[in-house]
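One-based numbering, in listed order, for ligands and for the atoms of each.
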Amino acid sequence: MTGEAALRIAVLYPEVLGTYGDRGNALVLERRMAWRGEAVEVVDVAVGSTVPTTCDLYLIGGGEDAAQSAALQDLSRTGALADIVSRGVPVLAVCAGLQMLGQTFEVSGGRVVPGLGLLDVTTTRLATRAVGEVVARVDGLPGVPELTGFENHGGGTTLGPDAAPLAQVVSGTGNGAGGTEGALQGSIVATYLHGPVLARNPALADLLLSRATGRDLAPLDLPSVDRLRRERLA
Ligand code: GLN
């Protein structure tokens, strides 16, 4: 890659929140900008290090209960995300990321952990762990067609009045209550979907990139990505 990085993407704690390949979301964003001839810098933020406040887009992935509790302790200490969200900088939070941004979440064994309170959602335990493919019809994001992804979570999430559903579940579990999947609030897009979700859903990747750059992006013609979507949706 040559030239100045126009866009900086932070990946929070990939060493503990990357169990399901969610760091791939950063690669997808980086590639989609590179194919448009634009440079991206991906900043991996390690647990214990300072969260940079000057990035244009923040990614938080999924993880096991213990890993997500440890990551949360770190994030609660810094307060950086509250500042980032209050400035309207886009954040994509996947699964454990969604739960951590919420009001509280319950880990296996029944302990209730206070979240960051940036997303008006509350997570309790599902009766049965949700594992498998998900298809969901998007509610609140213009131009984003139905979502495909896979889920693997023991927590189920209820939305409070300040959060809107990201999508309605067509098949799979998603949030687990009321047939919704994920949540939207301010600059936060939160989902239970892995895949990585942006590899399976390029329109969502481009929406986040548009928000991060503050401009419309030229469409990309990528038959292999379209084929992957078709195959997964089928
Ligand atoms: N540990 C959380 C749960 O099981 C999140 C799992 C995940 O990120 N895939 O609900």
Side-chain angles (χ1 to χ4, degrees), residues 10-28 44-47 58-76 81 91-136 147-160 163 165-167 169 171-185 188-201 204 208 232:
V11 185
L12 295 194
Y13 311 149
E15 75 272 48
V16 288
L17 298 177
T19 325
Y20 306 98
D22 294 325
R23 192 181 176 285
N25 288 321
L27 300 180
V28 171
D44 281 329
V45 183
V47 175
Y58 289 78
L59 305 178
I60 313 174
E64 301 302 335
D65 288 2
Q68 97 186 56
S69 302
L72 179 65
Q73 271 182 10
D74 227 52
L75 268 181
S76 308
L81 260 189
V91 174
L92 173 70
V94 177
C95 202
L98 173 156
Q99 297 177 2
M100 285 160 53
L101 292 186
Q103 311 291 6
T104 57
F105 61 88
E106 189 181 342
V107 290
S108 53
R111 191 165 58 94
V112 176
V113 181
L116 294 175
L118 301 175
L119 189 59
D120 191 13
V121 303
T122 303
T123 300
T124 53
R125 301 304 291 176
L126 289 168
T128 327
R129 193 171 180 87
V131 184
E133 287 290 319
V134 180
V135 175
L147 299 175
T148 153
F150 74 87
E151 60 185 340
N152 185 350
H153 53 105
T157 298
T158 306
L159 272 51
L166 166 65
V169 172
S171 65
T173 300
N175 295 337
T180 63
E181 153 42 38
L184 297 171
Q185 188 173 332
I188 300 170
V189 176
T191 178
Y192 268 106
L193 301 187
H194 305 283
V197 65
L198 300 184
R200 297 241 202 138
N201 302 281
L204 183 58
L208 290 169
R232 289 288 96 190

**Q** Looking at ligand 1, is there an atom of it that comes within less than 4.0 Å of some heavy atom belonging to E151?
**A**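 No; E151 lies far enough from ligand 1 that no heavy-atom distance drops under 4.0 Å.
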
**Q** For Y20, take its heavy atoms, then give the atoms of ligand 1 lying under 4.0 Å from any of them.
**A** 7 (C), 8 (O), 9 (N)

**Q** So, taking the atom named CZ in F105 and the one named CZ in R111, what distance separates them when rounded to the nearest 0.5 Å?
**A**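 It comes to 7.5 Å.
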
**Q** Does an N or O anywhere in N152 fall below 3.5 Å from an N or O of ligand 1?
**A**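 Min N/O separation from ligand 1 is below 3.5 Å for N152.
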
**Q** Does the pair N25 and L208 meet the rule for a side chain to side chain contact (heavy atoms under 4.5 Å, CB included), with working shown?
**A** CA-CA 11 Å; N25 288 321; L208 290 169; over 6 Å; no

**Q** Going by the atom numbers of ligand 1, which of them fall below 4.0 Å from some non-hydrogen atom of R129?
**A**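 The atoms of ligand 1 under 4.0 Å from a heavy atom of R129 are 4 (O).
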
**Q** So do N152 and Y20 actually touch side chain to side chain, heavy atoms under 4.5 Å?
**A**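 Yes, side chains in contact.
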
**Q** Which residue in the set L184, L98, L193, T180 passes side-chain contact (heavy atoms from CB on, under 4.5 Å) when paired with L166?
**A**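 Answer to the side-chain contact (heavy atoms from CB on, under 4.5 Å) test with L166 among L184, L98, L193, T180: L184.
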
**Q** Write out the residue and atom name of the closest protein heavy atom to atom 7 (C) of ligand 1, then the distance separating them to 0.1 Å.
**A** C95 SG, 2.7 Å

**Q** Looking only at distances, please establish whether an N/O atom of ligand 1 is found under 3.5 Å from an N/O atom of V94.
**A** no

**Q** For ligand 1, is there an N or O atom under 3.5 Å from any N or O atom of D65?
**A**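 Yes, there is a polar N/O contact under 3.5 Å.
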
**Q** What residue and atom, counting heavy atoms only, is the protein's closest point to atom 5 (C) of ligand 1, and at what distance?
**A**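 Here the closest protein heavy atom is G63 O, 3.3 Å.
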
**Q** If we set the cut-off at 4.0 Å for heavy atoms, which region of Y192 has an atom near ligand 1: side chain, backbone, both, or neither?
**A**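 Contact part for Y192 vs ligand 1: neither.
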
**Q** Taking all atoms of both residues into account, what is the closest heavy-atom pair of L159 and P165, and its distance?
**A** CD2-N, 3.3 Å

**Q** With heavy-atom distances below 4.0 Å as the criterion, list the atoms of ligand 1 near G155.
**A**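 Listed by number with element: 3 (C), 10 (O).
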
**Q** Taking atom types as modelled, is there a side-chain donor on T104 or T122 under 3.5 Å from an acceptor on the other?
**A** no

**Q** Show which atoms of ligand 1 fall inside a sub-4.0 Å distance from at least one heavy-atom site of G62.
**A** 8 (O)

**Q** What protein heavy atom sits nearest atom 3 (C) of ligand 1, and how far off is it?
**A**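 Its nearest protein heavy-atom neighbour is G154 N, 3.3 Å.
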
**Q** Nearest protein heavy-atom contact for atom 2 (C) of ligand 1: which residue, which atom, what distance?
**A**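 Looking at atom 2 (C) of ligand 1, the protein heavy atom closest to it is Q68 OE1, 3.2 Å.
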
**Q** Should the proximity of H194 to ligand 1, defined as any heavy atom under 4.0 Å, be assigned to the side chain, the backbone, both, or neither?
**A**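 Answer for H194: side chain.
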
